[in-house]
Participant: 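My structure is below; once you've seen it, I'll send some questions.
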Amino acid sequence: MGQNNNFEPVHLTNVSLFDFNRIIEAWNLNFIQLRPGKFSANLSQIIYPDFQLGYAKFNTAVKQEGLSPEGVWTFAFVNDIKIHWRNYRVEPNSIIIYAPGSEINAVSEANFEVMTFSISEYYLLEIAKQEGVESFIESLKTIEILVSKDSQWTELRNTIFYEINIQLQDPNNKNDASFKESFTIKLLGLLRNATVSTKKVSGKKRLKLLHNAEQYILQNITEPNTVVTIASFLKVSERTLLYAFRNRFDMSSKAYMLVLKLNHAHHRLHQENNTRFISSIVKDSGFWHMGQFYKDYKKFFGELPSKTLNPNK
């Protein structure tokens with residue numbers, strides 16, 4: 001976040017999976033589509049020097065993993081669609097906390113919607129000092145989700161949505177200095193009166209197991225791996241691995257392997273522009289039967305690989 005007086009509105013609709021992943025590269029994030037269907041995301045942002053307001057909605061289930069930016073705090077207000085954030089199940093009226101440089105690991109179902117308020121660490125600490133709550137900011141670094149029954153939760157969520165729409169309609173109608181201070185003060189009050197979520201659905205060891213399993217699959221994607229070989233490498237039972245995948249993604253280990261390989265092929269196809277490369281991409285993504293790959297790919301992404309490779313044809 002720079003130190004100038006300009007702001008930048010962003011409003012994108014029907015964004016594809018590949019384009020969305022390119023947009024969020026700055027966040028060191030990666031999205032994986034989890035369920036069959038044509039991925040589509042809507043994204044709006046108002047970017048000021050010291051803070052950002054954001055809105056995003058996804059039409060299908062996704063997994064997101066990465067790291068939040070250093071020097072920036074983000075607070076997210078989500079709708080009531082099922083979402084697992086790290087090892088918690090997110091309840092209605094929750095505030096998800098992205099501390100600077102913290103892990104992002106979430107799985108959300110179709111029609112997940114989120115409003116975000118991002119603010120520079122420097123400015124947040126300035127406001128906290130002004131309000132006499134510096135130690136509270138430090139304590140937030142150890143908290144993942146807060147839950148509030150206060151009506152101000154709805155007010156702040158709606159304020160983000162309202163402010164984004166106002167700025168998109170009239171970019172000259174801005175009052176960033178007064179807005180960021182008043183919103184931050186209200187947010188700090190809401191956070192201080194909220195309670196820490198206790199809705200854990202798994203331990204952090206299981207998240208680590210899933211991460212290691214995914215890394216192993218991707219690093220050995222051209223090998224004929226099975227659940228047995230993965231479980232053996234990770235030194236866990238097949239049952240343990242199966243339970244971890246079902247608990248997190250509502251699918252078997254084998255089904256998730258296919259999802260990973262299809263997403264890998266989808267990304268590679270977007271990077272190429274020549275149909276001669278399809279067969280090599282298919283092999284590089286761990287598929288050995290072209291006919292089955294075409295069938296699985298079309299069922300999952302709603303289009304043939306050739307359409308992904310050349311969307312304008």
Side-chain angles (χ1 to χ4, degrees), residues 1-13 23-24 26-27 42-57 68-79 90 92-102 104 113-141 143-195:
M1 295 183 181
Q3 297 299 317
N4 55 63
N5 295 319
N6 297 322
F7 80 105
E8 179 183 352
V10 176
H11 181 59
L12 302 169
T13 59
I23 291 168
I24 60 174
W27 273 67
N42 292 340
L43 177 68
S44 298
Q45 287 181 310
I46 304 298
I47 304 171
Y48 286 100
D50 290 313
F51 75 100
Q52 299 178 17
L53 302 177
Y55 165 81
K57 185 174 183 179
S68 62
E70 294 288 349
V72 178
W73 283 84
T74 294
F75 303 91
F77 299 75
V78 302
N79 63 356
V90 180
N93 289 16
S94 293
I95 307 104
I96 300 175
I97 301 170
Y98 303 64
S102 63
I104 296 174
E113 186 178 50
V114 59
M115 309 283 180
T116 58
F117 175 72
S118 300
I119 183 169
S120 70
E121 187 170 27
Y122 171 82
Y123 187 77
L124 181 62
L125 290 173
E126 284 290 304
I127 295 295
K129 183 177 181 180
Q130 174 186 308
E131 298 296 303
V133 293
E134 302 102 307
S135 60
F136 176 67
I137 299 301
E138 188 63 28
S139 71
L140 285 179
K141 293 180 180 179
I143 297 173
E144 315 208 32
I145 301 177
L146 289 170
V147 183
S148 176
K149 295 182 179 179
D150 195 316
S151 60
Q152 198 170 59
W153 184 95
T154 302
E155 177 191 335
L156 291 180
R157 187 179 187 276
N158 290 343
T159 296
I160 294 173
F161 189 71
Y162 174 80
E163 188 73 13
I164 288 174
N165 283 322
I166 287 295
Q167 300 297 354
L168 289 175
Q169 292 169 20
D170 182 7
N172 295 315
N173 180 20
K174 59 183 184 294
N175 189 13
D176 56 318
S178 60
F179 174 84
K180 68 182 178 184
E181 181 170 355
S182 62
F183 189 94
T184 303
I185 291 172
K186 288 180 180 179
L187 176 63
L188 288 173
L190 178 66
L191 295 173
R192 292 183 69 201
N193 292 320
T195 57

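Just so we're clear, the structure is a prediction, and the values are computed from it rather than from any experiment.
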Participant: Applying salt bridge (charged side-chain N to carboxylate O under 4.0 Å, His left out), name anything that partners Glu131, two or more places apart in sequence or on another chain.
Facilitator: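 Salt bridge (charged side-chain N to carboxylate O under 4.0 Å, His left out) list for Glu131, sorted by chain: empty.
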
Participant: Give a yes or no answer on whether the side chain of Ser68 reaches the backbone of Ala99 with a donor-acceptor pair at less than 3.5 Å.
Facilitator: yes

Participant: To the closest 0.5 Å, what do you measure between CZ (Arg157) and CD1 (Ile95)?
Facilitator: 12.0 Å

Participant: Are the side chain of Thr159 and the backbone of Glu155 linked by a donor-acceptor contact shorter than 3.5 Å?
Facilitator: yes

Participant: Find the distance between CZ (Phe179) and OH (Tyr48) and round it off to the nearest 0.5 Å.
Facilitator: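 Taking CZ in Phe179 and OH in Tyr48, the distance rounds to 8.0 Å.
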
Participant: Examine the side chains of Gln167 and Glu163 and answer whether a donor and an acceptor come within less than 3.5 Å of each other.
Facilitator: yes

Participant: Might you point out which heavy atoms bring Ser94 and Val147 nearest each other, and give the distance in Å?
Facilitator: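 Nearest pair, atom of Ser94 first, then Val147: OG-CG2, 3.7 Å.
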
Participant: Would you sort out whether Ile127 and Glu181 count as a side-chain contact (heavy atoms from CB on, under 4.5 Å), showing the intermediate values?
Facilitator: CA-CA 7 Å; Ile127 295 295; Glu181 181 170 355; 3.9 Å; yes

Participant: Can you tell me how far CD1 of Ile119 sits from CD of Gln52, rounded to the nearest 0.5 angstrom?
Facilitator: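 Output value for this atom pair is 11.0 Å.
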
Participant: How long is the span from the CE atom in Met115 to the OG atom in Ser44, to the nearest 0.5 Å?
Facilitator: 9.0 Å

Participant: Of the non-hydrogen atoms in Pro100 and Trp73, which two are nearest, and what is the gap between them?
Facilitator: CD-CE2, 3.4 Å

Participant: List the steps and the verdict of side-chain contact (heavy atoms from CB on, under 4.5 Å) for Leu191 and Phe136.
Facilitator: CA-CA 9 Å; Leu191 295 173; Phe136 176 67; 3.7 Å; yes

Participant: The test is side-chain contact (heavy atoms from CB on, under 4.5 Å); show your working for Val114 and Tyr55 and say whether it passes.
Facilitator: CA-CA 6 Å; Val114 59; Tyr55 165 81; over 6 Å; no

Participant: Could you report the tightest heavy-atom contact between Thr74 and Ser118, atom names first, then the distance?
Facilitator: OG1-OG, 2.6 Å

Participant: What are the two closest heavy atoms between Gln152 and Lys186, and how far apart are they?
Facilitator: OE1-O, 3.3 Å

Participant: Applying salt bridge (charged side-chain N to carboxylate O under 4.0 Å, His left out), name anything that partners Lys129, two or more places apart in sequence or on another chain.
Facilitator: none

Participant: Enter the distance from Glu134:CD to Glu126:CD here, rounded to the nearest 0.5 Å.
Facilitator: 9.5 Å

Participant: Cation-pi between Lys180 and Tyr123: NZ/CZ under 6.0 Å from ring centre and within 45° of the ring axis?
Facilitator: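 Satisfied, under 6.0 Å and within 45°.
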
Participant: Under the side-chain contact (heavy atoms from CB on, under 4.5 Å) rule, what do Phe75 and Thr116 come out as? Steps first, then yes or no, please.
Facilitator: CA-CA 6 Å; Phe75 303 91; Thr116 58; over 6 Å; no

Participant: Could you give the distance from CG (Leu187) to CZ (Phe117), rounded to the nearest 0.5 Å?
Facilitator: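 Rounded to the nearest 0.5 Å, the CG-CZ separation comes to 6.5 Å.
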
Participant: Are any side-chain N or O atoms of Asp150 and backbone N or O atoms of Leu190, one a donor and one an acceptor, separated by less than 3.5 Å?
Facilitator: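 It does not hold such a pair.
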
Participant: Could you check if a side-chain atom of Ile137 sits within less than 4.5 angstrom of a side-chain atom of Leu140, using non-hydrogen atoms only?
Facilitator: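 In short, these two side chains touch, coming nearer than 4.5 Å.
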
